[in-house]
Amino acid sequence: EDQPVQSGGGSVQAGGSLNLSCKGSNYMYASLCMGWFRQVPGKERELVARVNRGGDVTYYTDSVKGRFTISLDDAKNTVYLQMNNLAPEDTAMYYCAESWRLYAGRCSTKTDDYTSWGQGTQVTVSS
């Protein structure tokens, strides 16, 4: 079974930048949406950003708006998350994921609708 493969992440000081990338799975039918989630121990996984195929419709959770940018290279089947002005509260395990589900033509923000997951990568921001 093919799964997305992530790269990037690591440790950085507050105010720094990191870039995550994720090559999507190679199923017969390409996913409709790709997203980045994050999770800290003891808390639920939360959606950080997501983008539709075509890359023209994006969503960001409020806490990262203006700092993070999600982008998609359809030709490479790869989604990126550029994270700028990082803060200690951004520290988490980050996961990319794919969804084949749309609601009225829009990608979902529900974790359960994302069914193919990358292996996760740790992002640590020190103050």
Side-chain angles (χ1 to χ4, degrees):
E1 188 171 78
D2 195 9
Q3 300 295 323
V5 178
Q6 300 178 218
S7 60
S11 298
V12 67
Q13 288 190 326
S17 298
L18 288 172
N19 186 272
L20 306 180
S21 63
C22 172
K23 183 171 177 56
S25 58
N26 196 31
Y27 294 123
M28 178 178 296
Y29 299 102
S31 57
L32 300 175
C33 314
M34 297 186 80
W36 288 98
F37 293 75
R38 65 186 179 188
Q39 188 171 24
V40 297
K43 292 190 176 182
E44 292 188 355
R45 194 169 294 186
E46 67 164 344
L47 176 64
V48 175
R50 62 106 169 104
V51 62
N52 66 317
R53 285 288 175 179
D56 59 337
V57 180
T58 58
Y59 163 89
Y60 297 93
T61 193
D62 286 345
S63 63
V64 307
K65 286 180 180 177
R67 301 188 298 122
F68 291 13
T69 303
I70 188 170
S71 60
L72 175 63
D73 186 332
D74 272 321
K76 295 182 178 180
N77 193 26
T78 299
V79 64
Y80 305 92
L81 186 67
Q82 177 64 41
M83 304 183 291
N84 297 327
N85 194 21
L86 283 159
E89 51 266 36
D90 295 315
T91 295
M93 184 71 78
Y94 283 71
Y95 299 88
C96 71
E98 298 180 275
S99 173
W100 283 260
R101 190 160 192 173
L102 294 176
Y103 292 91
R106 298 181 66 87
C107 292
S108 173
T109 57
K110 301 177 183 178
T111 304
D112 289 347
D113 286 333
Y114 290 77
T115 53
S116 182
W117 291 84
Q119 79 275 20
T121 186
Q122 179 67 36
V123 170
T124 302
V125 185
S126 58
S127 57

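Excluded from the calculations below are hydrogen atoms, water molecules and symmetry mates; all remaining heavy atoms, backbone and side chain alike, are included. These numbers were taken from a predicted model, which means no experiment stands behind them.
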What pair of heavy atoms forms the shortest contact from [X] to [Y], and how long is it?
| X | Y | result |
| --- | --- | --- |
| N52 | V57 | OD1-N, 2.8 Å |
| V51 | L72 | CG1-CB, 4.0 Å |
| D113 | S108 | OD2-OG, 2.7 Å |
| D2 | S116 | O-OG, 4.3 Å |
| A92 | V40 | CB-CG1, 3.6 Å |

Could you check whether any side-chain N or O of [X] sits under 3.5 Å from a backbone N or O of [Y], counting only pairs where one atom can act as donor and the other as acceptor?
| X | Y | answer |
| --- | --- | --- |
| D74 | G54 | yes |
| E98 | S25 | yes |
| K23 | K76 | yes |
| Y60 | I70 | yes |

*asked:* Going by the rule salt bridge (Lys or Arg N to Asp or Glu O under 4.0 Å), which residues pair with D90 if we only count those two or more places apart in sequence or in a different chain?
replied: R38, R67

_Gap between atom OG of S99 and atom CZ of R53 - 0.5 Å precision_ = 11.0 Å

*Are L20 and M83 side-chain neighbours, meaning at least one heavy-atom pair lies under 4.5 Å?*
yes

*Would you indicate whether the side-chain heavy atoms of T91 and Q122 approach each other to under 4.5 Å?*
yes

*asked:* Quick test of your reading: applying disulfide bond (SG atoms under 2.5 Å apart), list the pairs with at least one residue in residues 86-127, sequence neighbours left out, ordered by first then second residue.
replied: C22-C96, C33-C107

*For side-chain hydrogen bond (donor to acceptor under 3.5 Å, both in side chains), just list the numbers for R50 and T109, CA-CA rounded to whole Å, side-chain angles, deciding distance to a tenth of an Å, and then say yes or no.*
CA-CA 8 Å; R50 62 106 169 104; T109 57; over 6 Å; no

*Joint hydrophobic cluster, M93 plus V64, side-chain heavy atoms closer than 4.5 Å*: no

*Provide the full list of ring pair (Phe, Tyr, Trp, His ring centres under 6.0 Å) pairs with a residue in residues 62-109, sequence neighbours left out, each pair given once.*
Y27-W100

